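Just so you know, these numbers come straight off a predicted model, no measurement behind them. We name chains A, B, ... by the order of the sequence lines, and we start the count at 1 in each one.
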Amino acid sequence: MAVDSWWPADDAFEIMVGAVLTQNTSWTNVEKAIQQLKQHELLSAEAMLASDVALLAEVIRPSGYYNVKTKRLLALCDWYLQQGGEVVLATWPMAKLRAGLLEVNGVGPETADDIVLYAFHHPVFVIDAYTRRIFSRLGLLNEKAPYAELQSQFEQAIPADVKTYAHYHALIIEFGKETCKTKPRCQACCLRDRCELAQVS
DNA sequence: ACCCAGGGTCATA
DNA sequence: TATGACCATGGG
């Protein structure tokens, strides 16, 4: 599965926006917000910073936490332009990019890694709630372990390759979304049959 | 009418 | 350092 086939976006900036909007939120809600950003021609750092804050909040409303996320998007836009935008950021090494993103208010480890992997194509493994739930139910990791610790486990188990990391993450999300909706705890037994993911252990 | 969902920050002890 | 409150929507 190609990276872009499950995180569709026209450019790196759109992925950055999506990474913030999807915080603790289903992707279907994020799609609505992004669609509305496009309709209002607000899907650029310059346009967001120049827009009326109340309007921006209203436009991204479907993604939830819209007041918080409005501030976070503006902080990210600010940083993005200050550094010189996509052209400059694309030249940064992975560690510098990740550290820089983490400095932005509202960008935590998962949001930063979404951006590092999907927008700038550096090999970093994204740890999300699905990863924690599914693999802890399989008894393969401690759900409460710190982000960096879990990330290290996956990065040691999987070859450090952008497409591979994106592929595994996509598989995890697919299970998180599609299996056993009425019985969430059944995810583990469904997962056992999927060789690709079972091999992660 | 409930329950859940792909985070992160801040205040408190 | 660790735990809890808070942010808010949409779908099952």
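Tracing side-chain contacts under 4.5 Å through hydrophobic residues (I, L, V, M, F, W, Y), one reaches A:Trp92 starting from A:Met94; they form part of the same cluster. Following chains of ILVMFWY side-chain contacts shorter than 4.5 Å, one can reach A:Ile115 starting from A:Val88, so the two form part of one hydrophobic cluster.
Distance A:Tyr118 OH to B:dG6 P: 14 Å, rounded to the nearest Å. The nearest whole Å value for the distance from the NE2 atom in A:His169 to the C1' atom in B:dG6 is 6 Å. In this structure, A:Arg133 places its CZ atom 10 Å from P of B:dC4, rounding to the nearest Å. Look at CD on A:Gln23: it is 5 Å from C1' on B:dG7, rounded to the nearest Å. Between the P atom of B:dG7 and the CG atom of A:Leu76 lies a distance of 17 Å, rounded to the nearest Å. Rounded to whole angstrom, the span from the CD atom of A:Gln36 across to the C1' atom of C:dG10 amounts to 13 Å. In this structure, the CD atom of A:Glu31 is 14 Å from the C1' atom of C:dG11, given to the nearest Å. Distance A:Arg132 CZ to B:dG8 P: 10 Å, rounded to the nearest Å.
Within 6.0 Å of atom CD in A:Gln39, more than 12 heavy atoms from other residues, nucleotides or ligands are found, so the atom counts as buried in its surroundings.
Dashed line: the shortest gap from a side-chain N or O of A:Thr111 to OP1 or OP2 of B:dG8 is under 4.0 Å.
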Checklist entry - Can you check ring-ring contact (aromatic ring centres under 6.0 Å, His included) on A:Phe154 and A:Phe135, steps first, answer last? => result CA-CA 11 Å; A:Phe154 279 88; A:Phe135 284 85; 5.0 Å; yes
Item to check | side chain to side chain donor-acceptor pair (under 3.5 Å) assessment of A:Lys144 paired with A:Ser136 | outcome: CA-CA 9 Å; A:Lys144 288 288 299 171; A:Ser136 65; over 6 Å; no
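A search for side chain to side chain donor-acceptor pair (under 3.5 Å) contacts involving A:Thr91 returns nothing, not counting sequence neighbours. Take A:Phe13 and apply the ring pair (Phe, Tyr, Trp, His ring centres under 6.0 Å) test, not counting sequence neighbours, and it matches A:Tyr80.
A centroid separation of 6.0 Å or more is found between the aromatic rings of A:Phe125 and A:Tyr168.
Shown are A:Val126, A:Asp113, A:Thr131; of these, the side-chain contact (heavy atoms from CB on, under 4.5 Å) with A:Gln151 is made only by A:Asp113.
Using a 4.0 Å heavy-atom cutoff across all strands shown, A:Val107 reaches sugar-phosphate atoms only and no base atom.
If you check C:dG10, B:dA5, B:dG8 against the side chain of A:Lys32, the one that comes closest is C:dG10.
Take the nearest nucleotide of DNA chain B for A:Asp114 and for A:Leu102: the residue whose nucleotide is more 5' is A:Asp114. Along DNA chain B, the nucleotide nearest to A:Ser26 and the one nearest to A:Gly106 differ in position, and the one closer to the 5' end is contacted by A:Ser26.
A distance-only check finds a donor-acceptor pair linking the side chain of A:Gln23 to the backbone of A:Gly106 [under 3.5 Å].
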What does the list of N/O pairs under 3.5 Å between the protein and nucleotides 6-9 of chain C look like, with a distance for each?
residue : atom : partner : partner atom : Å
C:dA8   : OP1  : A:Tyr65 : O            : 3.4
C:dA8   : OP1  : A:Tyr66 : N            : 3.3
C:dA8   : OP1  : A:Asn67 : N            : 2.6
C:dA8   : OP1  : A:Val68 : N            : 3.1
C:dA8   : OP2  : A:Asn67 : ND2          : 3.2
C:dA8   : O4'  : A:Tyr65 : N            : 3.0
C:dA8   : N6   : A:Tyr65 : OH           : 2.6
C:dA8   : N1   : A:Tyr65 : OH           : 3.1
C:dT9   : OP1  : A:Arg61 : NH2          : 3.3

Scan nucleotides 10-13 of chain B against the protein and return all N/O pairs shorter than 3.5 Å with their distances rounded to 0.1 Å.
residue : atom : partner  : partner atom : Å
B:dC10  : OP1  : A:Asn105 : ND2          : 3.4

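In the model, A:Tyr118 has a side-chain atom that pairs as donor or acceptor with a side-chain atom of A:His169 under 3.5 Å.
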Taking only distance into account, with no hydrogens and no angle test, what donor-acceptor pairs under 3.5 Å do side-chain atoms of residues 53-66 of chain A form with protein atoms, sequence neighbours excluded?
residue : atom : partner : partner atom : Å
A:Ser63 : OG   : A:Ile60 : O            : 2.8
A:Tyr65 : OH   : A:Asn24 : ND2          : 3.2

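Atom P of C:dA5 sits at a distance of 22 Å from the matching atom of B:dG6, rounded to the whole Å.
In DNA chain B, consecutive stretches of 3 or more Watson-Crick or G-U wobble pairs with both distances under 3.5 Å are given as paired ranges: B:2-5 with C:9-12, B:7-13 with C:1-7.
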